[in-house]
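Start at 1 with the first residue, then count along the sequence.
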Amino acid sequence: QVQLVESGGGLVQPGGSLRLSCAASGSIFSIYTMGWYRQAPGKQRELVGTITSGGSTNYADSVKGRFTISRDNAKKTMYLQMNSMKPEDTAVYYCSANIWARVGGEIREYWGQGTQVTVSS
């Protein structure tokens, strides 16, 4: 069974930093593109950024220059380093991954349960 678990969320002051992790586990043959998404109360879920298996990234304009996505393929873990955080960054952050499962053999997108990030003074 494939599973994604986010961690690292919490309360941070404006201008502060936070680092989120997304760990994949289970019967996995290969992990392709992974991504971070976020959803604020009353708003639609939006893309934060993505990273390919080779490390190429892209970001939403709202986080460019402040957020950095990275991954450790050996650990099957993706990270989101958030710097210079703003109140508008407050949201539940979700990770996703396109995974080729060892059992079943199909490539599909998996999602974590999310972790709360609150930026407030």
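Summarising the geometry, atom CG belonging to Asn58 is positioned 7.5 Å from atom CD1 belonging to Ile69; distances are rounded to the nearest 0.5 Å. Rounded to the nearest 0.5 angstrom, Ser17 OG and Met82 CE are separated by 9.0 Å. Summarising the geometry, atom CZ belonging to Phe29 is positioned 6.5 Å from atom CZ belonging to Arg102; distances are rounded to the nearest 0.5 Å. Here Asn83 contributes atom CG and Phe67 contributes atom CZ; the two are 8.5 Å apart, rounded to the nearest 0.5 Å. Summarising the geometry, atom OG belonging to Ser30 is positioned 11.0 Å from atom NZ belonging to Lys76; distances are rounded to the nearest 0.5 Å. To the nearest 0.5 Å, atom OG of residue Ser25 and atom CD of residue Gln3 are 5.0 Å apart.
Using a distance-only test at 3.5 Å, with no hydrogens or angles considered, a donor-acceptor pair links the side chain of Thr77 to the main chain of Lys75. Using modelled atom types, one side-chain atom of Thr90 and one backbone atom of Val119 make a donor-acceptor pair closer than 3.5 Å. Side-chain atoms of Arg71 never come within 3.5 Å of backbone atoms of Thr33 as a donor-acceptor pair (strictly under, hydrogens ignored). Distance alone, capped at 3.5 Å, is enough to place a donor-acceptor pair between the Glu6 side chain and the Gly114 backbone.
Scanning all heavy atoms of the two residues, the minimum distance from Arg66 to Met85 falls at NH1-CA, 3.8 Å. Residue Trp36 comes nearest to Leu47 through the heavy atom pair O-CD1, 3.7 Å, listed as atom of the first residue, atom of the second, then distance. The minimum heavy-atom distance between Ala24 and Ile31, with the atom names listed, is CB-CD1, 3.8 Å. In terms of heavy-atom proximity, Ser121 sits nearest to Pro14 at N-CD, 3.7 Å. Pairing each heavy atom of Gly35 with each of Met78, the nearest pair is O-CE, 3.3 Å. Nearest heavy atoms, Val2 versus Ser27: CG2-O, 3.8 Å.
For the pair Val117 and Leu18, the minimum side-chain heavy-atom distance is below 4.5 Å. The closest side-chain heavy-atom distance from Ser96 to Tyr110 is not below 4.5 Å.
Checked by atom type, the side-chain pair Arg38/Tyr93 shows a donor-acceptor distance below 3.5 Å.
Residues that satisfy the side-chain hydrogen bond (donor to acceptor under 3.5 Å, both in side chains) test with Lys43, not counting sequence neighbours, are absent from this structure. Looking at residues two or more places apart in sequence or on another chain, you find no side-chain hydrogen bond (donor to acceptor under 3.5 Å, both in side chains) involving Ser7.
Using a 4.5 Å cut-off between side-chain heavy atoms of Ile, Leu, Val, Met, Phe, Trp and Tyr, with links allowed through other members, Tyr59 and Tyr37 fall into different hydrophobic clusters.
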| field | Steps toward side-chain contact (heavy atoms from CB on, under 4.5 Å) verdict (Tyr94, Arg45) | value | CA-CA 9 Å; Tyr94 299 89; Arg45 184 176 298 187; 3.4 Å; yes
| message | Could you go through Trp111 and Leu4, starting from their C-alpha distance and side-chain angles, then the distance that decides it, and tell me whether this counts as side-chain contact (heavy atoms from CB on, under 4.5 Å)? | response | CA-CA 6 Å; Trp111 291 85; Leu4 295 177; 5.6 Å; no
| said: Please evaluate residues Thr115 and Leu20 with respect to the criterion side-chain contact (heavy atoms from CB on, under 4.5 Å), reporting the C-alpha separation (whole Å), side-chain torsions for both, the decisive distance (0.1 Å), and the verdict. | reply: CA-CA 8 Å; Thr115 183; Leu20 305 183; 4.1 Å; yes
| Steps toward side-chain contact (heavy atoms from CB on, under 4.5 Å) verdict (Tyr79, Arg19) | CA-CA 7 Å; Tyr79 306 95; Arg19 191 192 195 203; 3.6 Å; yes
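Using a 4.0 Å cut-off between charged nitrogen and carboxylate oxygen, Asp89 and Lys86 do not count as a salt-bridge pair.
Crowding of Gln113 atom CD: a count of heavy atoms from other residues, nucleotides or ligands under 6.0 Å not exceeding 12. Other residues, nucleotides and ligands contribute more than 12 heavy atoms inside 6.0 Å of the CD atom of Glu88.
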